[in-house]
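One structure below.
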Amino acid sequence: MLEITKIRENKDEIIAALKVRNFDADKSIQEVLRLDNEWRSAKGELDGLAAEANKLTKEIGDLYKSGQADKANEVKAKSAALKANEPVLKDKVAALAEEINAILYLIPNVPNKIVPPGNADTDNVVEMEHGTKPSLPKNALPHWELAKKYDIIDFELGVKVTGAGFPFYLGKGARLQRALINFFLDHARDAGYKEVIPPLLVNEESGRGTGQLPDKEGQMYHTPTDDFYLIPTSEVPLTNIYRDVIVKESDFPIKLTAYTPCFRREAGSYGSDVRGLNRLHQFDKVEIVRIEHPDRSYQALEEMVNHVEELLKALELPYRKLRLCGGDLGFTSALTYDLEVYSAAQDKWLEVSSVSNFETFQANRLKLRYKDADKKSVLAHTLNGSALALPRILAALLENNQTENGINIPKVLVPYTGFECI
RNA sequence: GGAGAGUUGGCAGAGUGGUCGAAUGCACUAGUCUUGAAAACUAGCGUACCGCAAGGUACCGAGAGUUCGAAUCUCUCACUCUCCGCCA
């Protein structure tokens, strides 16, 4: 969430910037500032009262020590009278703080200056396109048909055992999946990311830390008996490693990577978007996460996008890079680049990576800070990106590389798969 | 699942209801000494909020209670550890 101190100082800029994402913050910000003023004066009053009471308490202690019990009783009466109001005031301060937080929780991150205005994904800016769309054989099939033809993914079996959106990968399909994971992880390691295997279930605090809760409550699977959430992305456990942590400035850059399955309920999705591998409830993803010094976070963002582009180039997939518009920008993000691969048989661009800088928006909830040269605690910047999400990569690979004689595996993967063709 | 023990500052660890934001040790930072380092010595060393500042307030797992006053007493909850059982 946004920092109240920044809202105090830059109210107008923030309101103006939030318009880019079609968020009218005027009322809520005015309200927050009004409540904040009220809170500060109530807090001052309460602190003063407590200071007075603390003084009397000391007096009583001294009087008892010097054996003046009767005088002590007089002061006791004074103290009691003074404190009569305290609970009311205390409640008021707590209530105001809660109100302020409740509003702050609902205000999205301030978009970066270069975020284009817009309402929907059609307003995203295509920054560049790389590679050429393949020309497919006449009777080219979409990946779900190919999956059946070569018996490498079984969607119906998933329905039987679990439900829609939980496919089985079989034989070479499973091997290819594992090959991609290893290829991605090796690449991340070479780029200096530390590999992590995190828990797949997290507690509520972690969900709040990275901002999935409370806004996306319904998107996560929840285990009511133990009150855990299944991770929708490894961003959640990885970034929460640094919840309530004050790092040293010399620790930067902090670079983590993890392969995990991801679980998403995807309530309300339907139609051709969810066909085959396009949208699943459980899917595999390799994620890269960075904790950065505020001065370096945008350079880090560029590095991360380049990293993802290298992967796509190595896989010989046609892709394009989008700068998300205000309307499509995630709640917690200040700037996001999406990378989409072209899946030829579907004739669709599929989002395979989303790389974001959250600046201090997550760090503020996480209380993730570093000590600067003056030994002051300053909020760090957090970033993350998919590198990459597996199913749509698989879809594009299958569709784009199909031939009459089978499906060709990109050269870079062959050492990982052990076969060149499906 | 059963039984027990515990939760204090970066870590270890003390703490009789008032002098405790909290001993001590280690770690860390700066200085002295040294050709340099180590050792030794000296000093500093939690977090957050309010305030221009002086200063003030809060925090000893969380929440509530007793009291003029709670790290210390009472209650509720959460978590951790140990042993036993079960198990990949």
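What you see is a predicted model; the values in this text were computed from it and never measured. Just so we're on the same page: letters track the sequence lines, and every chain starts at 1.
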Indicate yes or no for a side-chain donor-acceptor contact from [X] to the backbone of [Y] under 3.5 Å, with no hydrogens or angles considered.
| X | Y | value |
| --- | --- | --- |
| A:T223 | A:T225 | no |
| A:N364 | A:M1 | yes |
| A:N240 | A:V236 | yes |
| A:R323 | A:V125 | no |
| A:S386 | A:S354 | yes |
| A:R243 | A:G209 | no |

Please tell me if the side chains of [X] and [Y] come closer than 4.5 Å, counting only heavy atoms from C-beta onward.
| X | Y | value |
| --- | --- | --- |
| A:E3 | A:T360 | yes |
| A:F263 | A:Y229 | no |
| A:L312 | A:L388 | yes |

| request: Identify, residue by residue, the members of residues 76-100 of chain A with a heavy atom below 4.0 Å from RNA chain B, and return them in order of residue number, or none. | output: A:K76, A:S79, A:K83
| Strand-adjacent residues in residues 46-60 of chain A, judged by heavy atoms under 4.0 Å from RNA chain B | A:D47, A:A50, A:A51, A:N54, A:T57, A:I60
What is the distance, to the nearest angstrom, from the [atom1] atom on [X] to the [atom2] atom on [N]?
| X | N | atom1 | atom2 | answer |
| --- | --- | --- | --- | --- |
| A:E3 | B:C49 | CD | P | 10 Å |
| A:Y370 | B:G46 | OH | C1' | 20 Å |
| A:K376 | B:G46 | NZ | P | 15 Å |
| A:E204 | B:C79 | CD | C1' | 15 Å |
| A:D62 | B:G69 | CG | P | 16 Å |
| A:E38 | B:C49 | CD | P | 21 Å |
| A:L63 | B:U19 | CG | P | 15 Å |
| A:I246 | B:C45 | CD1 | P | 16 Å |

| request: Starting from the C-alpha separation in whole Å, work towards a yes-or-no answer on side chain to side chain donor-acceptor pair (under 3.5 Å) for A:Y319 and A:E309. | output: CA-CA 8 Å; A:Y319 70 87; A:E309 286 188 61; 2.6 Å; yes
With [atom1] as the reference atom in both, quote the distance from [N] to [M] in angstrom, rounded to an integer.
| N | M | atom1 | result |
| --- | --- | --- | --- |
| B:C20 | B:G13 | C1' | 16 Å |
| B:C60 | B:U72 | C1' | 10 Å |
| B:A39 | B:A30 | P | 14 Å |
| B:G6 | B:U19 | P | 26 Å |
| B:U29 | B:C68 | C1' | 42 Å |
| B:G10 | B:G46 | P | 10 Å |
| B:A78 | B:A71 | P | 24 Å |
| B:U82 | B:C73 | C1' | 28 Å |

| field | Bracket string, RNA chain B, 5' to 3' - pairs by Watson-Crick or G-U geometry under 3.5 Å, | interstrand | value | ((((((((.[[[..)..(.....]]].(((((.......))))).(((((....))))).[[[[[..)....]]]]])))))))....
| Which atom of A:I14 lies closest to which atom of A:I7, heavy atoms considered | CD1-CA, 3.8 Å
| remark: Heavy-atom closest pair (A:F184 atom, A:A387 atom, distance to 0.1 Å) is CB-O, 3.5 Å
| remark: Assign each of A:V75 and A:Y64 the nucleotide of RNA chain B bearing its closest heavy atom; nearer the 5' end lies the nucleotide of A:Y64
| query | Using a cut-off of less than 4.0 Å, is there contact between a side-chain N or O of A:R40 and OP1 or OP2 of B:C49? | reply | no
| A:R8 side chain N/O closer than 4.0 Å to the phosphate oxygens (OP1, OP2) of B:C50? | yes
| said: So that I know where these two stand, are A:H307 and A:H187 an aromatic pair - ring centroids less than 6.0 Å apart? | reply: yes
